[in-house]
Amino acid sequence: MREDSSAKRVVPVMVPMPADRPYSYAVPEGARVVPGSIVRVPLGPREVAGIVWDGPGGEVSAKKLRPISEVFDCPPVGEEVRRFVDWVAAYTLSPPGMVARMLLRAPAAFDPEPPIEGMRFVDGAGPDRMTAARARVLEMARDGQAWTRAGLAHAAGVSASVIEGLREQGVFETVAIPPQPVVAPPDPSYAGAELTADQERAAERLREKAGANAFTVTLLDGVTGSGKTEVYFEAVAAALERGKQVLILIPEIALTQAFLERFQDRFGAKPGEWHSDLAPRKRERVWRQVAEGQVRVVAGARSALFLPFRELGLIVVDEEHDPAYKQEDRVFYNARDMAVVRGHIGNFPVVLASATPSLESRVNANQGRYERIVLSARFADAALPDLATIDMRKAPPERGGFLSPVLIDQMKKTLARKEQSLLFLNRRGYAPLTLCRVCGHRFQCPDCSSWLVEHRFRGQLVCHHCGHNEPRPEACPECGALDHLVACGPGVERIAEEVDRHFPDARTIVLSSDMLGGVKRLRLELDAIAKGEADIIVGTQLVAKGHNFPAMTLVGVIDADLGLANGDPRAAERTFQLLAQVTGRAGRSGRKSLGLLQTYQPDHPVMRAIVTGDAEAFYEREIGERERAGLPPFGRLAGIIVSAATRQEAEGHARALRRAAPRSDTIDVLGPAEAPLALVAGRHRFRLLVQGTRRCDLQGYLRALLTAGPRPRGSIRVQVDIDPQSFL
DNA sequence: AGCACGCCGACT
DNA sequence: GTCGGCGTGCTC
C-alpha cells in the first residue's frame, strides 16, 4: 500500500481507560501498524498499552495529536476479538476502553519472552584441575545439550559456583535457550474415553457439533456425577482435531486443581490455566502463548474470555448456572452469556454444561434455540444419595444448638463407619447478628447499615457487604453493659463449635472463602479431605463446587431455607441449584449415602424437587411461575447502578428513575433494607432492579434514562442481565 | 482508571 | 510556616 509521505498517518487506538471511543495517534515514520497491533502510547503524564482499532483515526487538533511511542513485537489482536470488545461494550453500556483494558491485563506479555541464558559444553574443552564435583558436572553436560545453570547444578548435585568456575575456564559457552511452551500441546487421541452408552450418544452429538464451523449452542444437562466432563472432553478433542483453540470456562478454577489432572489424563498434557490467582510471570506467558497460538486449550475463570485467541473454535462453559460467572464491578457482564456472543462472532459452537442449568438456558432449550442433551444416570459406580428433609418443627435442635437430633444421629453412624460427613451452611463466620441483651442494640455496619457478622476466630465484627471490620467489643457501645452481647443465629464457625461439642474426637475442618491462608491453604485442606484426613467438614458454598470427596457419605444442610425468602426473583432457582450441587457431593464412590435437609418448609417446591429428584417438574413450575407473574420467560432483569455523591442525591435519582419508568415496568429500589448501600470510593451506590422489561423496550428505556432523565452528577451504570441470545 | 492540580486542617 | 486529605478535571 502506497502512502502519501507528506501526510501523517493517524490511527485510532483503544486505550485502557473509560473513553467511549478510541483516541487518535500519529504513526511514526517507518512504523508498521495494523488493526489489532498492540502499541505503547503517551496518555496524559504516563504511557500505557493500547490496541490499534479499526477505521480511520478521528479528527483531533494537531496540538493534541501525539505519536505512538512503540509498536510491540506481539501478534496483533484478531478481528473477532476486536468485534467482541465492541459488542460487549455496547451491550453492557461500558466504555469500550474499559473492555479493552480487560484484554491488556498482562503488561509484560507484549514484549517477546526473553530467551533464557543457557550453557553448553564446548567440545574438547577441559578444566585446569579435575575434582569430583567437576567430573560429575562434565558427565552430565557431555551430551552437548544446553543447560541452565541451576538445572545443571541440580542434576549434577553440585552448587552453582562449581558451574561458574568451569564457565570461567571456557568449558562452557553461553547459548540462548528459546522460551519453553507453558504447557505441552494436548493430544486429542491420547487416551480414549471409556464411556457408557448414554455418554457415548451425548459425546457423539457433541463431536458432531464441535467438528463443524458453525455457531450452535448446546446445553449439556446431566445430574452430578453423570460424567459431563468426560463427555464434553470429546467436543474438545473434536475441536482440537480441527486445528482450533479451545476455551473451557470454570467457576473458581483456582480451587479446582483436580480438573487439570482429569484433563491431563484424557489429553496427556495440562491445559493452559488462567485465573486471578496465577503468578504474574506465568500469567504473561499464558497470555503471550495464547496470542501466538501455542497454547491450544485454556481452562480459565471468566476473565479468560478476554484472552487474545487467534483461532478459537469452541467454548465450554462448565457449571453454566454458577453466579461466579457474573462480574459485578467495572464492566458488568455474565461470562456465560458473553461466551455465547463470542461463539456467534467467531461462528463456532458453544457448550453449556450443568447439572442444574439456569432457567434462561432451559427456556432457550425449550424454545429450540439451544439443543439440549440430557445425561440422566450417574456414571460408573457413583450412586445417587438418598435424600430426605428433616422437619425442624418436629425434630428441633436442643436449646442453643442448630443441629437436629436426627442429623446428629446420622453423623454418629457415619463416623462409626469411618466415613465423612459434610455439613453445609451458606454463612461465613460465627453469627450473623450480634445484639445487646440489656438495651437491644444491634451491631450495624457504619458504611452500609447491614448487620455485622461476628467472626469469633478472628475476634472481629465484619460487614459481609462492604468488608468493614472492627474488633468485637466487650461492652455494648450503646448502654455500656458488660458481657451482655449475644450472638444470634449460626455461621459455619458456630456449627463447628457445636460439632466439637458432640464429637470431640472427630477431626473437623471448617471451610469458607475467608479462611486464613487464602487459596493456597484452601487447596491444601481440600486435598487433605480428599485423602480422608478429616471426618467432619463444615463448609460454605465453596464445598458445593466440583470437588470430589470419595469417602463422603453424609451431607447435612443446616439451613436449607436460607436464601428462599430474600426477595430475589431467583431465590428458588438459586436455592435449588445450591442444594442439588451440595447433596451431589455424597456417594461419589458408590457407597450408600444420605443427604438431609434441615428445613421449616418441607413442602416447599424446592425441597420437594431435591428430595424426589424431579428437577423437570421444578423447572416447569418455575418457568410457569415467571410467565404467570407477567415476567419475561427467562429472568430478564436489568440492574441500574446509580452512583451519586451523597445518599440524598442517590435517593433523588431513584425517585426520578421510578417516574421515568414505563407504567408496565416495576422498579424495585433495593435500598438500605434489602441491599444495603455500599460506600464505594466515597460514592454511594444504589442498585435498582428493573423487572419485566421486554427486550425491545429495555434498550429504548435505558437510552431514555441516560439521555432524557435528570442526568446524575455521577454516572449511571447499567447492568444488563438479559439473555444476550435475543440480541444476536 | 490514573494522575495532577488545588484548596483547607494538624504537625515534623 | 509545610504535609496531606480527597474533590475536580483531563487524557488523542
Side-chain angles (χ1 to χ4, degrees), chain A residues 7-29 31 33-72 77 82 85-86 88-90 92-110 276 280 283 287 302-303 306 327-333 446-448 466-468 641-650 652-653 677-685 711-719:
Chain A
K8 267 188 186 166
R9 189 152 80 102
V10 172
V11 291
V13 174
M14 204 67 94
V15 285
M17 61 139 200
D20 56 8
R21 61 193 162 76
Y23 281 180
S24 298
Y25 285 88
V27 180
E29 199 79 23
V33 298
V34 295
S37 293
I38 300 191
V39 293
R40 192 157 52 84
V41 290
L43 184 67
R46 66 214 156 103
E47 294 228 309
V48 295
I51 308 172
V52 176
W53 223 242
D54 307 78
E59 273 157 52
V60 212
S61 68
K63 238 175 131 178
K64 277 193 169 179
L65 188 68
R66 298 164 81 181
I68 288 170
S69 334
E70 181 191 356
V71 182
F72 287 107
V77 169
R82 300 197 306 274
V85 168
D86 284 336
V88 172
T92 61
L93 303 183
S94 316
M98 288 307 283
V99 182
R101 203 176 89 112
M102 299 195 287
L103 251 156
L104 298 166
R105 273 303 179 68
F110 312 143
S276 58
R283 217 180 148 72
W287 195 95
R302 57 172 187 248
S303 57
F306 294 92
Q327 171 146 85
E328 308 212 275
D329 63 303
R330 298 187 175 98
V331 178
F332 292 68
Y333 68 93
D447 296 334
C448 65
C466 67
H468 165 91
I641 310 287
V642 182
S643 303
T646 66
R647 192 182 152 138
Q648 283 73 17
E649 197 187 336
H653 294 319
L677 278 175
L679 194 69
V680 185
R683 299 224 158 137
H684 293 270
R685 285 184 170 186
R711 175 84 196 190
R713 192 151 56 86
S715 55
I716 285 195
R717 299 278 293 279
V718 182
Q719 176 193 358

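Proteins get letters first, then strands, A, B, ... in listed order; numbering begins at 1 in each.
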Could you pull out the protein-nucleic contacts involving nucleotides 9-12 of chain C (nitrogen or oxygen on both sides, under 3.5 Å)?
unit_1, atom_1, unit_2, atom_2, d
C:dT11, O3', A:G44, N, 2.9
C:dC12, OP1, A:Y25, OH, 3.4
C:dC12, OP1, A:P42, O, 3.1
C:dC12, OP2, A:R66, NH1, 2.5
C:dC12, O3', A:S24, O, 2.7
C:dC12, O3', A:R66, N, 3.0
C:dC12, O2, A:S24, N, 2.7
C:dC12, N4, A:R21, NH2, 2.9

Distance in angstrom units between A:D20 CG and B:dA1 C1', rounded: 15 Å
Qualifying residues under salt bridge (charged side-chain N to carboxylate O under 4.0 Å, His left out), relative to A:R101, sequence neighbours excluded: none
Qualifying side chain to side chain donor-acceptor pair (under 3.5 Å) pairs, either residue in residues 35-45 of chain A, two or more places apart: A:R40-A:E47, A:R40-A:E70
Side chain to side chain donor-acceptor pair (under 3.5 Å) contacts touching residues 15-27 of chain A (sequence neighbours left out): none
Sequence-distant partners of A:W53, ring pair (Phe, Tyr, Trp, His ring centres under 6.0 Å), two or more places apart: none
Residues in side chain to side chain contact (heavy atoms under 4.5 Å, CB included) contact with A:K63, at least two apart in sequence or another chain: A:S61
